[in-house]
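Every value quoted in this text rests on a predicted model; they were computed, and no experiment measured them. Each chain gets a letter, A, B and so on, in the order its sequence line appears, and its residues count up from 1.
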Amino acid sequence: MAQKPSIPKGTRDFNPEQVAKRHYIFNTIKQAFETFGFQPIETPSFENSDTLMGKYGEEGDRLIFKILNSGDFLGKIDETIYSEKNSTKLTPKISEKALRYDLTVPFARYVVQHQNEIEFPFKRYQIQPVWRADRPQKGRFREFYQCDADVVGSDSLWQEVEFIQLYDTVFSALKLEGVTIKINNRKILSGIAEVIGAGDKLIDFTVALDKLDKIGEENVKEEMLSKGIPQGGIDKLQPLFSLSGTFNEQVKTLKNILASSGEGIKGIEELVFIDTAINALGLETAVLELDVTLARGLNYYTGAIFEVAAPITVAMGSIGGGGRYDDLTGIFGLKNVSGVGISFGLDRIYLVLESLGLFPETVAKSVDALFINFGDAEALFSLKAIKQLRASGIHAELYPDSAKMKKQMNHANKRQIPFVILVGAEEMQANKFTLKNMVSGEQSTLDLDALINQIKKS
RNA sequence: GUGGUUGUAGCUCAGUUGGUUAGAGCGCCUGAUUGUGGUUCAGGAGGUCGUCGGUUCGAGACCGAUCUUCCACCCCA
């Protein structure tokens, strides 16, 4: 015997029930995407390394799964490079392909590559797995699904408004209440950085600011100081740390801080536009919240930044994120095409729904009716009936072996099949079917039409 | 990538300062019941204690490595 088989760290098998639940989420998201006018595309699970490397920052490069070249990939390596043992230098020589890290960069590549076939603005959605060589934790896997919807080729802020509605639509359809859609704007962040004299340290500044609710004001200030942001600038941030209140109150404070920054003011205007529109349109269950500390996400966001927080009752990281990126396709040579999009983290949404018990009971149903097998003659007779049941949309099957009754009944019970149909010699003779309701235990003998009606009725 | 944590039957877990043949509940299989599952009763199967190595007369327990789980960083869905 070989050793016990296993799967790689951070990956999972899914049993039928789990797949049913995942499909429930997929289908809900997919339906919402389509009613909002998005069209699906798919891209390869692996791309050329050039396409991915360098797009997610240094940290991102580390987390990209590289695919080893085929053949004698070491034989062709220059001796000096090989003997240096420098992984960063050697990697591109032995790996020219990599698993996709997200869906946005492959989409940007797709847009550039197919720019002449695409009718802009192009609204696409994409539901596919992505891979990250991260250390797994709860809600953090090395293989997981992203469900992305993006629009390219339109600067309009109405897109942002629609994406907020899309989030609201999906989470309402999933009956997941208490979701918070946090919004911020990169222009505000870079405006603040400019005002405090850290214009060249935008990333360090935002990364530190993003940790406010986690590590506290003092630690944030400390981190900023250590990154070389002047004390005088940090003092100017004071009103930011105590920022609270409604959307409008926060906006008022921000206007004071950003009075001297044209870009910052522009960011505020964008936020106000979006908030005003959402207020006029209304949201079903989600809440839109301004969060100036929201800076997470990819470095390429240029305007709006979104992040969706699960209800506070469940300890889970963000279950979605997105934003506006004015120059995404620029890295692939196509200038002046603006994009904006959002992503749903399927695997985390699953965990949230599971912990709140929000999956409908019906998702895991297998078949409606199982025919007990009494022997070849009865089986053939049953299959004729099964053909009719299936034609009328009933999920029906025959137990394949004429095993003991107890075994067959037990099988139906364990699979939670609601109806069992018994056709023995007597029934065959009378052209009738004995229908047993496995929940109530009730039994009745019916002809085929009555049988179909009875099952369909339930 | 850094630091910590976890692993015993299919599942959830006991297992004393290192000491005979490693236990329980649930689940599973068989029978009571050859055309009736879920309840009940009787019986049964199932573990090289994550893996490899070390210490010891003796290791599930101690030490090391490795894999895995979860957690905190980093980062992120």
Side-chain angles (χ1 to χ4, degrees), chain A residues 1-12 15 25 29 56-64 87-88 101-104 127-148 203 206-208 210-211 214-215 219 223 294-299 306-310 315-323 341-352 370-375 378 399 402-428 434-443 445:
Chain A
M1 261 301 275
Q3 71 235 26
K4 274 186 191 168
S6 63
I7 54 173
K9 189 201 306 203
T11 65
R12 294 144 305 150
N15 66 32
I25 302 174
I29 292 174
Y56 310 100
E58 209 177 303
E59 187 67 19
D61 282 358
R62 206 196 75 207
L63 298 175
I64 291 173
S87 303
T88 320
Y101 177 89
D102 72 356
L103 300 177
T104 308
I127 299 178
Q128 290 190 281
V130 303
W131 294 269
R132 296 185 186 176
D134 207 354
R135 274 223 191 155
Q137 289 179 31
K138 196 171 206 72
R140 175 180 283 200
F141 307 100
R142 304 227 276 189
E143 176 183 64
F144 62 96
Y145 269 77
Q146 285 192 331
C147 313
D148 276 29
I203 302 292
T206 52
V207 165
D210 186 56
K211 294 177 188 167
K214 207 168 181 181
I215 65 174
N219 292 322
E223 181 167 334
L294 174 60
R296 251 194 268 189
L298 306 170
N299 301 331
F306 302 113
E307 182 168 301
V308 182
M316 182 60 62
S318 62
I319 54 177
I342 60 172
S343 180
F344 291 81
L346 172 103
D347 299 83
R348 288 190 177 174
I349 292 170
Y350 182 104
L351 292 172
V352 170
L370 176 77
F371 279 68
I372 300 293
N373 188 330
F374 285 101
E378 291 88 345
Y399 193 90
S402 73
K404 280 183 189 165
M405 181 84 171
K406 182 183 170 114
K407 191 173 168 68
Q408 300 193 44
M409 292 296 288
N410 213 349
H411 179 72
N413 194 46
K414 281 185 187 140
R415 285 179 60 197
Q416 297 184 51
I417 297 172
F419 292 104
V420 161
I421 295 158
L422 298 96
V423 186
E426 268 178 47
E427 284 89 348
M428 256 173 84
T434 297
L435 177 70
K436 173 162 179 145
N437 181 321
M438 290 296 279
V439 179
S440 65
E442 282 172 315
Q443 241 172 261
T445 300

> Which distance, rounded to the nearest 0.5 Å, do you find between the OG1 of A/Thr11 and the CH2 of A/Trp131?
Replying inline: 12.0 Å
>> Under 4.0 Å, heavy atoms only, any strand: does A/Phe141 hit a base, just the sugar-phosphate, or nothing?
In response: base
> B/G50 P sits how many Å from A/Lys9 NZ, rounded?
Replying inline: 19 Å
>> Between C1' on B/A77 and CG on A/Leu294, what's the gap in Å once rounded to a whole number?
In response: 14 Å
>> Quick check for you: to the nearest 0.5 Å, what is the distance between A/Thr206 atom OG1 and A/Lys211 atom NZ?
In response: 10.5 Å
>> Are A/Met438 and A/Ile417 packed together at the side-chain level, in the sense that at least one heavy-atom pair is separated by less than 4.5 angstrom?
In response: no
> Considering only the P atoms, how many Å lie between B/U34 and B/G50, rounded to the nearest integer?
Replying inline: 44 Å
> Hey, is A/Phe344 doing a stacking thing with B/A77, by the 5.5 Å centroid and 30° angle criteria?
Replying inline: no
>> Can you measure A/Glu307 atom CD to B/C75 atom P for me and round it to whole angstrom units?
In response: 14 Å
>> Heavy atoms only, 4.0 Å cut-off, all strands: where does A/Gly10 land among base, sugar-phosphate and nothing?
In response: sugar-phosphate
>> Tell me the interatomic distance from A/Ile25, atom CD1, to B/A77, atom C1', rounded to whole angstroms.
In response: 13 Å
> Rounding to a whole Å, what distance do you find between A/Trp131:CH2 and B/A77:P?
Replying inline: 17 Å
> P atom, B/C29 versus B/G10: distance in rounded Å?
Replying inline: 15 Å
> With no angle test and no hydrogens, is the base of B/C71 tied to the side chain of A/Arg135 by a donor-acceptor pair under 3.5 Å?
Replying inline: no
> For RNA chain B, what string of dots and brackets results from 5' to 3' when Watson-Crick and G-U pairs need both distances under 3.5 Å, crossing pairs get [ ], and pairs with another strand get |?
Replying inline: ((((..(..((((.....[...)))).(((((.......))))).....(((((..]....))))))..))))....
> Do you know which two heavy atoms are closest between A/Arg142 and A/Asp134, and how far apart they sit?
Replying inline: CD-O, 3.0 Å
>> Protein within reach of the bases, or only the backbone? For nucleotides 35-42 of chain B, mark each nucleotide 5' to 3' as B, S or -, using heavy atoms under 4.0 Å.
In response: BBBB----
> Quantified in whole Å, what is the P atom distance between nucleotide B/U6 and nucleotide B/G25?
Replying inline: 27 Å
> If the P atom of B/G1 is compared with that of B/A59, how far apart are they to the nearest Å?
Replying inline: 35 Å
> Say you pick atom C1' in B/G46 and the same atom in B/G23; how far apart are they, in whole Å?
Replying inline: 14 Å
>> Need one value for A/Gln146: base, sugar-phosphate or nothing, where a base atom within 4.0 Å counts as base even if backbone is also close, heavy atoms only.
In response: sugar-phosphate
> Any side-chain heavy atom of A/Asp347 within less than 4.5 Å of one from A/Arg12?
Replying inline: yes
>> Using atom P in both nucleotides, what's the gap between B/G60 and B/U55 to the nearest angstrom?
In response: 16 Å
> Taking atom C1' in both B/G27 and B/U20, what distance in whole Å separates the two?
Replying inline: 31 Å
>> Just verifying a value: how many Å separate A/Asp61 CG and A/Glu58 CD, rounded to the nearest 0.5 Å?
In response: 7.5 Å
> Between atom CG in A/Asn373 and atom P in B/U34, what is the gap in whole Å?
Replying inline: 18 Å
> How far does CG of A/Asp102 sit from CG of A/Asp148, to the nearest 0.5 angstrom?
Replying inline: 7.0 Å
> How are the rings of A/Tyr399 and A/His411 set relative to one another: parallel (under 30°), tilted (30 to 60°) or perpendicular (over 60°)?
Replying inline: perpendicular
> Think A/Lys404 has a side-chain N or O under 4.0 angstrom from the OP1 or OP2 of B/G31?
Replying inline: yes
> Could you state the interatomic distance from CG (A/Leu103) to CD (A/Gln146), rounded to the nearest 0.5 Å?
Replying inline: 5.0 Å
> Which whole-number value in Å describes the distance from A/Gln137 CD to B/A77 C1'?
Replying inline: 13 Å
> Taking the P atom of each, how far is B/A22 from B/C26, in whole Å?
Replying inline: 22 Å
>> Using every non-hydrogen atom in the two residues, find where A/Leu294 and A/Asp210 come nearest and quote the distance to one decimal.
In response: CA-OD1, 3.9 Å
>> Regarding A/Val207, tell me which of base, sugar-phosphate or nothing describes its non-hydrogen contacts under 4.0 Å with the strands shown.
In response: sugar-phosphate
>> Judged by each residue's nearest nucleotide on RNA chain B, which is more toward the 5′ side, A/Ser318 or A/Lys138?
In response: A/Lys138
>> How many whole angstroms separate atom CD1 of A/Ile342 from atom C1' of B/A77?
In response: 13 Å
> NA contact type, A/Gly60, heavy-atom cut-off 4.0 Å: base, sugar-phosphate, or nothing?
Replying inline: nothing
> Where the side chain of A/Leu63 is concerned, which of B/G1, B/C75, B/A77 is the nearest nucleotide?
Replying inline: B/C75
> Quick one: are A/Ile127 and A/Phe344 in side-chain contact, heavy atoms under 4.5 Å?
Replying inline: no
